[in-house]
Amino acid sequence: MTISQLSRKNIQALTPYQSARRLGGSGDVWLNANEYPTSPAIDMQLSAFNRYPEAQPESVVKGYAAYAGVKPEQVITTRGGDESIELIIRAFCEPTDSVLYCPPTYGMYSVSAETCGIALKTVPLTADFQLNLPEIERNLDGVKVVFVCSPNNPTGTLVKRSDLLKLLQITAGKAIVVVDEAYIEFCPQATMVNELPNYPHLAIIRTLSKAFALAGLRCGFTLANEELIGVLQKVIAPYPQPTPVTDIATQALTTQGLSEMQQRVADVLENRTWLIEQLKQIPSVIEIFDTETNYVLVKFQDGQKVFKALWEKGIILRDQHKALGLQNCVRITVGTREELERTVEAIGGV
């Protein structure tokens with residue numbers, strides 16, 4: 001028997017998440033992973049690494065709680081938002097339970113469920129990328145966790161607040177509803193944080209990877225009511241946040257750090273507007289979808305041709321052609337103005 005055959009059956013059948021780094025590429029313009037295009041200046045202040053770090057670093061938890069407008073007891077910090085996804089599944093799903101999600105959306109919801117051996121139910125988004133609530137309600141039997149990404153990756157669209165509230169109402173006492181707010185800094189008015197007092201089964205995922213320009217830090221958060229956080233505390237690793245991560249995250253959540261983040265958001269929104277206006281003038285562009293994020297989803301006459309042509313020029317975008325309902329679509333991260341100028345020129349020449 002081979003080593004692969006010794007692995008769990010669900011792992012043998014698993015297709016791993018195709019992250020931007022896993023897909024590779026060779027270029028100097030990277031607009032495929034929704035990262036901020038430049039790194040913030042980092043001044044490392046902690047230098048003692050012989051001791052284990054705090055299980056939940058007080059400076060990070062309190063700093064993020066103050067920023068998010070919740071109590072520290074409503075925050076757990078994780079290794080990126082991805083660990084939050086898996087923690088919730090591990091903490092709440094029995095082997096006989098299911099996870100429900102709504103494609104096209106972030107691929108780690110399904111990968112994490114499959115890794116944990118939990119069955120999947122899918123209810124595709126509607127044509128305008130909204131929740132199909134009647135179909136979700138019909139499929140809730142046996143569902144323990146529902147994942148919704150808003151703003152949604154890869155479409156960039158917001159899920160209607162009224163629909164999220166309805167989802168919370170129909171799942172009360174039955175399932176955990178996870179609202180992934182990885183991109184919320186680009187539309188802060190849309191957060192569901194103010195609904196936490198009303199819905200004990202609501203969990204919100206956040207991250208420092210996007211607007212905070214710290215994707216390499218792998219620092220995420222789950223916001224929820226104290227009882228739900230207490231459940232997650234039971235299953236999280238004993239030392240999930242390395243000391244250097246605590247150091248940098250604490251700095252990012254200071255008044256100065258938050259001010260710098262808000263300036264990054266303003267720069268992204270300005271460049272996003274410019275990019276959209278330029279794309280409208282390119283004949284091969286069929287549709288530019290509404291976006292509330294740091295990326296733009298674009299439908300081309302031949303999206304794969306555009307993606308490959310730019311790949312060969314060292315401009316790495318994200319091909320969404322195989323995602324449900326996104327044929328000929330390409331996702332473009334908002335980079336620097338210079339990067340976007342090169343990208344627009346290259347697209348126009350395809």
Can you find a heavy atom in the side chain of [X] that is under 4.5 Å from one in the side chain of [Y]?
X	Y	result
Val296	Phe289	no
Pro244	Phe49	yes
Gln130	Leu125	no
His321	Leu326	no

Tell me yes or no: between the side chains of [X] and [Y], is some donor less than 3.5 Å from an acceptor?
X	Y	answer
Asn152	Thr105	yes
Gln301	Ser284	no
Thr157	Asp290	no
Glu181	Thr191	yes
Arg331	Asn153	yes

inquiry  = Run the ring-ring contact (aromatic ring centres under 6.0 Å, His included) test against Tyr101 and tell me which residues pass, sequence neighbours left out.
reply    = none

Sequence neighbours left out, cut at 3.5 Å: what donor-acceptor pairs do the side chains of residues 80-89 make with other protein atoms?
| residue | atom | partner | partner atom | Å |
| --- | --- | --- | --- | --- |
| Asp82 | OD1 | Tyr106 | OH | 2.6 |
| Asp82 | OD2 | Tyr106 | OH | 3.4 |
| Asp82 | OD2 | Arg218 | NH2 | 3.3 |
| Glu83 | OE1 | Arg79 | N | 2.6 |
| Glu83 | OE1 | Arg79 | NE | 3.2 |
| Glu83 | OE2 | Arg79 | NE | 3.1 |
| Glu83 | OE2 | Arg79 | NH2 | 2.5 |
| Ser84 | OG | Thr78 | OG1 | 3.0 |
| Ser84 | OG | Thr222 | OG1 | 2.8 |

query = Taking the inter-plane angle between the rings of Tyr64 and Phe212 on a 0 to 90° scale, is it parallel (under 30°), tilted (30 to 60°) or perpendicular (over 60°)?
reply = tilted

query = Does Tyr109 share a hydrophobic cluster with Leu158, counting links as ILVMFWY side-chain heavy atoms below 4.5 Å and allowing steps through other members?
reply = no

